[in-house]
Amino acid sequence: MKRVKQIYVIGIGAGDPEQFTLQAVRALGRADVFFLLDKGEDKSDLVQLREEILRRHASGSHRVVVATDPDRDRSAATWAYAPAVDDWRRRRGDISQRLISEELAYGGCGSFLFWGDRALYDSTQA
């Protein structure tokens with residue numbers, strides 16, 4: 001039987017490490033590798049918060065792999081907004097695919113940590 005790779009997209013709510021659901025804590029404990037997207041120095045607190053969540057709630061046997069989140073063209077004219085977002089999503093998906101392919105063994109479990117309501121925010125790669 002061929003072993004597969006499992007991926008969890010774990011919601012971290014508002015980002016407060018004390019406001020986790022038990023379901024999220026159990027999922028954190030099952031992951032072997034956590035994939036974090038670094039949005040640069042101006043938003044370094046986003047990676048730091050995720051790392052704090054992992055220190056508090058994940059098992060000690062996991063790895064953390066950090067990749068650079070691609071910049072989105074925020075200067076695009078109104079008519080070019082949708083193509084700019086589509087390009088950003090494609091590049092983000094390429095990074096996620098590479099991380100899963102290169103950093104997660106078959107039979108392993110990897111995870112991305114996202115906050116906010118996925119029905120409202122469009123940046124989650126699922």
Side-chain angles (χ1 to χ4, degrees):
M1 181 170 141
K2 185 176 182 180
R3 296 180 62 152
V4 298
K5 298 178 180 187
Q6 285 187 313
I7 299 295
Y8 291 133
V9 176
I10 300 174
I12 60 173
D16 185 330
E18 296 301 316
Q19 295 181 345
F20 265 60
T21 66
L22 294 175
Q23 184 179 26
V25 171
R26 283 191 299 272
L28 287 168
R30 289 191 293 263
D32 304 309
V33 181
F34 291 93
F35 304 114
L36 306 182
L37 296 179
D38 184 356
K39 294 177 179 272
E41 188 175 323
D42 290 343
K43 296 183 179 181
S44 64
D45 57 329
L46 299 175
V47 168
Q48 292 170 6
L49 177 65
R50 286 172 170 87
E51 289 172 336
E52 176 64 22
I53 288 167
L54 296 176
R55 275 191 294 279
R56 290 191 191 192
H57 297 293
S59 71
S61 61
H62 66 270
R63 289 187 308 120
V64 175
V65 178
V66 179
T68 301
D69 196 18
D71 289 328
R72 181 170 58 90
D73 182 3
R74 296 182 186 277
S75 66
T78 303
W79 61 268
Y81 174 78
V85 170
D86 287 345
D87 176 64
W88 171 69
R89 285 180 180 152
R90 180 194 52 75
R91 290 182 291 126
R92 210 172 199 224
D94 291 346
I95 290 168
S96 296
Q97 183 178 18
R98 181 185 57 76
L99 291 171
I100 293 166
S101 175
E102 295 176 5
E103 299 289 343
L104 183 61
Y106 283 99
C109 178
S111 179
F112 293 88
L113 306 177
F114 287 97
W115 60 47
D117 186 333
R118 291 182 55 212
L120 302 175
Y121 301 105
D122 64 357
S123 63
T124 303
Q125 297 290 331

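Here the side chain of Asp73 pairs no donor or acceptor atom with the backbone of Ala84 at under 3.5 angstrom. Checked by atom type and distance alone, the side chain of His57 never pairs as donor or acceptor with a backbone atom of Gly29 at under 3.5 Å. Using a distance-only test at 3.5 Å, with no hydrogens or angles considered, a donor-acceptor pair links the side chain of Arg91 to the main chain of Asp71. Checked by atom type and distance alone, the side chain of Ser111 pairs as donor or acceptor with a backbone atom of Tyr8 at under 3.5 Å. In terms of modelled atom types and a separation under 3.5 Å, the side chain of Arg63 and the main chain of Glu103 share a donor-acceptor contact. Between the Lys5 side chain and the Ala105 main chain, no donor and acceptor come within less than 3.5 Å of each other.
Residues Glu51 and Leu36 form a side-chain contact, since some pair of their non-hydrogen atoms from C-beta on lies under 4.5 Å apart. Within the 4.5 Å cutoff, the side chain of Leu54 has heavy atoms near those of the Leu28 side chain. Side-chain contact between Phe35 and Ser96 is absent, with no heavy atoms from C-beta onward closer than 4.5 Å. Inter-residue side-chain proximity for Ile95 and Pro70 is flagged as met; some heavy-atom pair is nearer than 4.5 Å.
Each of Arg90, Arg98, Arg92 was checked for a salt bridge (Lys or Arg N to Asp or Glu O under 4.0 Å) with Asp94, and the lone residue meeting it is Arg90. With respect to Lys39, the side-chain hydrogen bond (donor to acceptor under 3.5 Å, both in side chains) criterion is satisfied by exactly one of Asp45, Thr68, Asp69: Asp69.
Classified by interplanar angle (parallel below 30°, tilted 30° to 60°, perpendicular above 60°), the ring pair His62/Phe34 is perpendicular.
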